[in-house]
Structure formats: C-alpha cells, structure tokens
Amino acid sequence: METAIDKVVENHVIFDYTEFLSKSCQQRLSFIDALKYLVPSLEVATNPMKKKHLSCAEQLEKKALKLLSSSASDTHNLIRLLHLAKLEGITQLVVSLPYSLEEQQLTELNNGIDGTIDFVQGNSEQLLFILAYSS
C-alpha cells in the first residue's frame with residue numbers, strides 16, 4: 001500500500017505533504033469523521049486499541065488524514081502535524097513540500113512548535129523538524 005509517510009529509522013519519519021493533499025482531496029467524510037475533525041480528542045477516545053496494530057508512521061498518516069484539512073493554511077496544517085508527530089513519539093520529521101514556504105510562514109512555524117526547523121541538504125522544499133520533548 002502506498003502511503004504519504006515512509007518510516008526511515010525508529011522515531012524518524014518522512015511525510016510527503018503533496019501526497020497528503022492529494023489523498024485529503026479524494027477523501028469523503030462521514031458525520032462521525034466530521035465530529036472527529038471538530039473535536040480531535042474524540043479520535044483519541046474512540047480508538048485507543050487500534051494504535052497497537054500500526055507503526056507510528058502509519059498512525060501519524062491516519063491521524064493527519066482525519067485532522068488536517070486541505071482548506072486550512074499550510075502553516076496551520078504543519079503545526080498540527082508536528083503536534084500529532086510528537087504524540088506518536090516521533091523525534092525527527094522530514095516534510096516534503098510541493099513548493100518552498102515563504103519566510104513569514106517559516107517564522108510562524110518556528111513560533112508555533114517546540115523544536116527546530118532546518119532544510120534538508122539545502123532543499124527549501126524539504127524541511128527537517130527536530131521535535132523537543134519536555135522532561
């Protein structure tokens with residue numbers, strides 16, 4: 001099965017944002033899915049046992065498809081994605097974008113997350129997020 005996420009090494013994940021946008025546009029939401037989008041904690045409460053059957057990368061993709069929106073700003077989606085990744089215990093997330101983000105978007109991202117942002121090998125369309133965890 002083709003996924004938007006490829007697990008590279010433990011706690012290091014690559015997320016293809018272009019693939020996510022494509023899948024999210026094709027997805028049809030049920031009433032329950034809409035409620036889960038509006039109340040993200042409902043998703044956590046309704047499916048606590050299913051997580052054990054999926055890798056953290058697969059679980060992240062599944063949650064991203066349910067909680068992120070192609071109608072929301074990229075910055076907002078990326079901040080939510082990073083919070084989801086943190087919940088999954090992912091320490092490094094590489095996000096492949098279809099285009100480079102503007103400086104203002106990068107600043108907003110940097111202010112909205114607890115971690116660092118860097119370009120992967122100077123490529124402004126691939127961002128490396130190193131997520132900080134509180135002790």
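The basis for the numbers below is simple: all heavy atoms, side chains too, and nothing from hydrogens, waters or symmetry mates. Bear in mind that the values here come from a model prediction, so they are computed numbers and not experimental data.
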Nearest 0.5 Å, what's the [atom1]-[atom2] distance between [X] and [Y]?
X: I130; Y: D118; atom1: CD1; atom2: CG; answer: 7.5 Å
X: I90; Y: Q59; atom1: CD1; atom2: CD; answer: 10.0 Å
X: L127; Y: L78; atom1: CG; atom2: CG; answer: 7.5 Å
X: L65; Y: E19; atom1: CG; atom2: CD; answer: 9.5 Å
X: F15; Y: E61; atom1: CZ; atom2: CD; answer: 7.0 Å
X: L82; Y: L87; atom1: CG; atom2: CG; answer: 11.0 Å

With heavy-atom distances below 4.5 Å as the criterion, would you say the side chains of [X] and [Y] are in contact?
X: L128; Y: Q92; result: yes
X: L109; Y: I79; result: yes
X: F129; Y: T116; result: no
X: S96; Y: I14; result: yes
X: Q126; Y: V95; result: no
X: L131; Y: D114; result: no

With N77, which residues qualify under side-chain hydrogen bond (donor to acceptor under 3.5 Å, both in side chains), at least two apart?
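Result, side-chain hydrogen bond (donor to acceptor under 3.5 Å, both in side chains) vs N77: Y17.
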Taking only residues two or more places apart in sequence, or in another chain, which ones meet S73 in a side-chain hydrogen bond (donor to acceptor under 3.5 Å, both in side chains)?
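If we apply the side-chain hydrogen bond (donor to acceptor under 3.5 Å, both in side chains) test to S73, skipping adjacent residues, there are no hits.
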List the atom pairs, with distances to 0.1 Å, where a side-chain N or O of residues 99-108 and a protein N or O form a donor-acceptor pair under 3.5 Å, not counting sequence neighbours.
from	atom 1	to	atom 2	distance (Å)
Y99	OH	D74	OD1	3.3
Y99	OH	D74	OD2	2.1
S100	OG	S124	OG	2.5
Q105	OE1	E102	N	2.8
T107	OG1	E103	O	3.0

So which atom in A85 and which in L60 form the shortest heavy-atom distance, rounded to 0.1 Å?
N-CD1, 3.5 Å
Which heavy atom of A64 sits nearest a heavy atom of L81, and at what distance?
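It is CB-CD1, 4.1 Å.
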For E58, is there any backbone N or O sitting under 3.5 Å from a side-chain donor or acceptor partner on K63?
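Checking the backbone N and O of E58 against the side chain of K63, no donor-acceptor pair under 3.5 Å is found.
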